[in-house]
Each structure stands twice: as C-alpha cells, then as structure tokens.
Amino acid sequence: MKKVIFILSIAAFTLTSCGSKKKIAELEAKNKEIQDLLNTATVKLNTCLTERDALAHQIDFLKKNNSDLINNMGNLTTLSSKGAENLEKSLESLKEKDLKITRLQDALTKKDSVTLALVTSLKSSVGISDPDIQVNVEKGVVFISIADKLLFKSGSYVVSDRAKEVLAKVAKVVNSKPDFECMVEGHTDNVPYKSNGVLLDNWDLSVKRSTSIIRVLQELNVNPKQLIAAGRSEFIPLVDNNSAENRSINRRTRIVVLPKIDQFYDMIEKEMKNMAAKQ
C-alpha cells in the first residue's frame, strides 16, 4: 500500500510540474507577442513622425508659393485657387497624422505609467535599501529578486520567519493589484542536490521552494488565481558558479509581476489597423 501511495504522489507531482511548465511557456509566448506588437507600434510611430515632418515642409513650400503669387499679382487678398486647395488638404493630413501620433503616444505612456507606479510601490514597500532584495524592470515586466539566505536554510524549502516579513510586504502590493499575475521562480546553484527520497535534484528543489513561497503568499490573502509556480533549477545563473560567493548570488527566488496591460496594446493595435486601412 505504501508503494502505491508513493507512486501516486510522484505522478501527481509530475503532472503539476508539467502544468506549470505549460503555463510558463504560455506566458513567455504572450510576453513575446506583446513585445513584438510594441516594436511594430514604435516603427509605425517613427514613420508617422517622419511623414508629419514632410507634410510640414510641404506646407511651408505651399505658403511660400502663395506668397509669391500674391506679390506677383499685386493683390494681397487673393490666393490662387489651386494653392489654397493644396494648403487645406495638407493641413488636414497633418492634423490627422498628429491625432494618430498622439493616440499611439498616449497608449505607450499609459503602459509605462502602470509599470513605473508598480515599481515605485514595490520599492517603497519592500525596501530598496536591502542589498538582498532587488526590484527592476525588463521589457515592461517587474522582477523582485530575493536572495535565498533571506528565505531558506541551505538545501531546505522551509520558509524562514524573516522571509515571511518580506513576503508580507510583497503580498500587500500584489493584493492592491488584483488584475496582475505573480510568477514565483526558484533558482539554485550548480551543486548537485543530494536526494532525500522526496526531492531528487535541483529541479525538484527549485520547484518546491517556489510552491513554498506561493503557499505563504496565499496565506497572506493573495488570490491563488494570480499565482504561478515555476522552478528554473541551476540553468539561469546570474554569475558563474565558480566560487562560494557566486553560488550564493545564484541561489535566489525571483517573483515576476505581470501587469495585464492588454487594454493599452489593444488601443495600439486598433489604431495601427485604422492606419493600415487608410494607406
């Protein structure tokens, strides 16, 4: 009977790991899709700026032509019909380009504002002065990296009391953002983990540490629907694992906060489609 229970436990653990990996893959694919869309929007924005400058030069040229016609005819109250028509069309086109540029800039600014507000909130809550806690932004995603010495004892996945104090501050920020997702990544060094019959290797240890952190966050009233467990083992080191100090740096837990900014990108995508339809 014990053997059957053990086999069922291993199977359940394997299925949970597969589900987490699938969720991580989906999130990474979604993040890449959003980043590609942002890059495309930036290219469109630069094109609009160039076209606006060209139209401004055209308007100056038409104004000069009209001025020359007025001087030649000696009549300051008369514009050539053709010149006035061209000038009016150019002004309308420039106004339309300015409107599109403004909409794109507003969408990008809102996205940056959400990220900046989150980082500011996290830094003030978690404590930027602590060298073992780092908060930074990469490609619009907020990362909180916490050294393992604040979270676990060596080779353990039991969360320390000091860690619970730090996680309570993180939970406070996440709870204020119910539309955000929070992925907890466990990272180890390259020292092989000695199997204890339950955990086999650094993969198991990194995932177990992730789920331990998630349980603490859930106890702190973070909605479990916002939480994602992930283990990265030893394969994404910050520095080479060639010294005790460096291995200590690589042993960490990274909390990835993913703001749902789809509405801003939807605005960009809609405007880009409108621009493409009119070209």
Heavy atoms only: give me the nearest [X]-[Y] pair and the separation to one decimal.
X	Y	answer
Ala230	Ser210	N-OG, 3.1 Å
Asn175	Asn221	OD1-O, 3.2 Å
Ile236	His187	O-ND1, 3.9 Å
Ser160	Leu150	OG-O, 2.9 Å
Gly231	Ser206	CA-OG, 3.4 Å

So does [Y] get a backbone contact from the side chain of [X], meaning a donor-acceptor N/O pair under 3.5 Å?
X	Y	value
Ser212	Tyr157	yes
Asp161	Lys164	no
Ser156	Val158	yes
Gln226	Lys177	yes

Problem set entry | Criterion side-chain contact (heavy atoms from CB on, under 4.5 Å) on Leu167 and Val159, from CA distance to verdict | CA-CA 10 Å; Leu167 293 173; Val159 181; 4.3 Å; yes
Problem set entry | Worked check of side-chain contact (heavy atoms from CB on, under 4.5 Å) between Leu205 and Leu200 | CA-CA 8 Å; Leu205 178 60; Leu200 300 180; over 6 Å; no
Problem set entry | Pair Trp203-Thr188, side-chain contact (heavy atoms from CB on, under 4.5 Å): steps then yes or no | CA-CA 8 Å; Trp203 277 113; Thr188 70; over 6 Å; no
Problem set entry | Which residues share a side chain to side chain donor-acceptor pair (under 3.5 Å) with Tyr193, sequence neighbours left out |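 Applying side chain to side chain donor-acceptor pair (under 3.5 Å) to Tyr193 gives Asn196.
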Problem set entry | Other residues, nucleotides, ligands: >12 heavy atoms within 6.0 Å of Phe61 CZ |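 At most 12 heavy atoms, drawn from other residues, nucleotides or ligands, come within 6.0 Å of this atom.
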Check whether any side-chain heavy atom of [X] sits under 4.5 Å from a side-chain heavy atom of [Y], and report yes or no.
X	Y	answer
Val166	Leu151	no
Val256	Glu185	yes
Ile146	Ile255	yes

For this session: Any chance you could lay out the side-chain contact (heavy atoms from CB on, under 4.5 Å) test for Asn202 and Glu234, step after step, and finish with the verdict?
Result: CA-CA 7 Å; Asn202 281 330; Glu234 65 197 62; 3.1 Å; yes
[atom1] of [X] to [atom2] of [Y]: how many Å apart, nearest 0.5 Å?
X	Y	atom1	atom2	result
Asn136	Ile144	CG	CD1	9.5 Å
Ile249	Lys149	CD1	NZ	9.0 Å
Leu227	Thr211	CG	OG1	11.5 Å
Phe152	Lys208	CZ	NZ	10.5 Å
Arg254	Arg252	CZ	CZ	6.5 Å
Leu238	Ser145	CG	OG	6.0 Å

For this session: Using only heavy-atom distances, determine whether the side chains of Asn241 and Asn250 contain a donor-acceptor pair under 3.5 Å.
Result: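 Yes - a donor-acceptor pair under 3.5 Å links their side chains.
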Problem set entry | Salt bridge present between Arg209 and Asp148 (N-O < 4.0 angstrom) |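 Counted as a salt bridge, because a side-chain N and a carboxylate O are separated by less than 4.0 Å.
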For this session: Answer yes or no: is there an ion pair linking Arg251 with Asp189, defined by an N-O contact shorter than 4.0 Å?
Result: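 Salt bridge flag = yes for Asp189 with Arg251.
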Exercise. Under 4.5 Å between side-chain heavy atoms, hopping through other hydrophobics if needed: is there a path connecting Val191 to Leu199?
Worked result: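 No: no chain of side-chain contacts under 4.5 Å links Val191 to Leu199.
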